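These notes concern the structure reproduced below.
Quick note: residue numbers are just sequence positions, from 1. Everything numeric here is computed off the predicted structure, so don't read it as measured data. Ligands are counted one by one from 1 in listed order, and the atoms in each one are counted from 1 as well.
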Amino acid sequence: MRSIVIKLHSRPQVLILSGLDPSGGAGIQADIQAITALDCHPLPVITCLTVQDTRNVHNAVPVDAGVIREQLECLAADTPIHAIKTGALGSAEVIDELLAFADAHPDIPLITDPVIKAAGGGDLADQALIERMKSGLFRRAEMITPNGIELAMLGGSDNSDEAARRLLASGCQSVLATGGHGTGTDIINTLYRDGVPPKQWAIVRIGGEYHGTGCTLAAAIAAGRAAGLAPEAAIEQAQRFVDAAIRQALAVGQGQPVPDRHVILP
Ligand code: PLP
């Protein structure tokens, strides 16, 4: 039998650690779709299973941290990884495994969406997980991408500048404070880094809340970094991608619409 000769190609590869949202709006599906749409290949590791619809998270069960360690070791022995994106992490023990892995691969950029709660209020992190993000993961992450609520909780202040300053002082390399949950005519995203003035982007607010926007943004930033973009260029590309995905949002259930990540970047 004759076989057909094909020419193999490869794409930048993004390791994802995040939770499964069966509504397909947030979590690992959002990450996979955004990363694929931006021409990268996702390497997905599920950290927790959620019971969830487009309105809220009703339960979240962490995946065994030992299994995640095996998955990371198995992948790393086989395949190049050009960036890591984290979302909901399931448990403090999963963070320990991720950190051991990321510290052994210090050159891989790590983008962390510090997921704590679903938009509907359901919990996606317990106190031990939040503490381990702050004391361990944040120093290794190249960028964390909190929304306004996460920034206030993690930085211990309702003043965004102050909260971000405290996070930098405690070891974060950079903080992209996202303004999607605000109310102004523009969404203001602000990048805080040590020793440089904050950089702001204003994006026209379309209005409404969309399930999985934070996941999509952070995943798109990781895809840009995997493809070799500098952090600011990766943010700019990711913002354009999220804006385009929201402009053609999908009606999935009775709760928030879902950004359509099956979109061509304008
Ligand atoms: N990750 C998982 C598994 C989730 O279920 C959710 C929200 O429900 C999130 C992350 C955060 O979603 P968002 O991008 O809307 O902040």
Side-chain angles (χ1 to χ4, degrees), residues 14-35 37 42 44-63 68 84-91 94-95 98 111-126 129-130 133 137 141 143-154 175-182 187 189 203 205-223 235 238-239 241-243 245-246 249-250 252-261 263:
V14 182
L15 174 67
I16 310 163
L17 280 88
S18 63
L20 179 71
D21 164 10
S23 82
I28 207 144
Q29 177 161 322
D31 299 337
I32 290 172
Q33 290 178 321
I35 287 164
V45 170
I46 295 182
T47 56
C48 64
L49 302 176
T50 70
V51 177
Q52 160 164 213
D53 52 34
T54 54
R55 289 175 289 211
N56 206 355
V57 171
H58 307 287
N59 195 7
V61 181
V63 171
I68 291 179
I84 306 173
K85 186 265 167 175
T86 69
L89 286 162
S91 70
V94 172
I95 297 187
L98 165 63
I111 308 297
T112 286
D113 180 13
V115 175
I116 299 176
K117 277 181 186 297
D123 283 326
L124 285 161
D126 61 16
L129 189 154
I130 294 171
M133 281 202 294
L137 187 57
M143 190 189 302
I144 67 168
T145 62
N147 62 31
I149 299 161
E150 290 157 351
L151 180 62
M153 283 180 75
L154 294 164
V175 178
L176 180 68
T178 64
H181 297 292
I187 292 174
N189 293 337
I203 304 125
R205 186 183 299 281
I206 295 161
E209 297 278 335
Y210 301 85
H211 183 51
T213 314
C215 307
T216 307
L217 181 76
I221 294 171
I235 291 170
Q239 289 175 159
F241 180 74
V242 172
D243 184 70
I246 288 177
L250 294 168
V252 172
Q254 296 168 47
Q256 296 181 354
V258 168
D260 186 4
R261 274 102 24 180
V263 74

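- Looking at A26 against ligand 1, only its side chain comes within 4.0 Å, counting heavy atoms.
- Side-chain N or O atoms of N189 include one that pairs as donor or acceptor with a backbone N or O of G179 at under 3.5 Å.
- Checked against a 3.5 angstrom limit, the closest N/O atoms of G19 and ligand 1 fall outside it.
- Set against the non-hydrogen atoms of A88, the atoms of ligand 1 under 4.0 Å away are 1 (N).
- Using a 4.0 Å cut-off between heavy atoms, I28 makes no contact with ligand 1 at all.
- Ligand-side atoms of ligand 1 in range of C215: 9 (C), 10 (C), 11 (C), 12 (O), 13 (P), 14 (O), range being under 4.0 angstrom from any heavy atom.
- Here the protein heavy atom with the shortest distance to atom 4 (C) of ligand 1 is L124 CD1, 3.6 Å.
- At a threshold of 4.5 Å between non-hydrogen side-chain atoms, the residues Q52 and L20 do not count as touching.
- An N or O contact shorter than 3.5 Å is missing between V57 and ligand 1 by distance.
- Distances between N or O atoms of Q52 and those of ligand 1 include at least one value under 3.5 Å.
- With ligand atoms numbered from 1 in the order given, ligand 1 contributes 14 (O), 15 (O) to contacts under 4.0 Å with heavy atoms of T213.
- Distances from ligand 1 to the non-hydrogen atoms of G87 include no value under 4.0 Å.
- Considering all non-hydrogen atoms of both residues, I206 and Y210 come closest at CG2-OH, 4.0 Å.
- Under the 3.5 Å distance criterion, the side-chain polar atoms of T47 are matched with a main-chain donor or acceptor of A88.
- Where the criterion is an N or O separation shorter than 3.5 Å, residue side chain and backbone included, G214 meets it with respect to ligand 1.
- A distance-only check finds a donor-acceptor pair linking the side chain of N56 to the backbone of G122 [under 3.5 Å].
- In this structure, the side chains of L137 and L98 come closer than 4.5 Å at one or more pairs of heavy atoms.
- Side-chain atoms of T50 never come within 3.5 Å of backbone atoms of N59 as a donor-acceptor pair (strictly under, hydrogens ignored).
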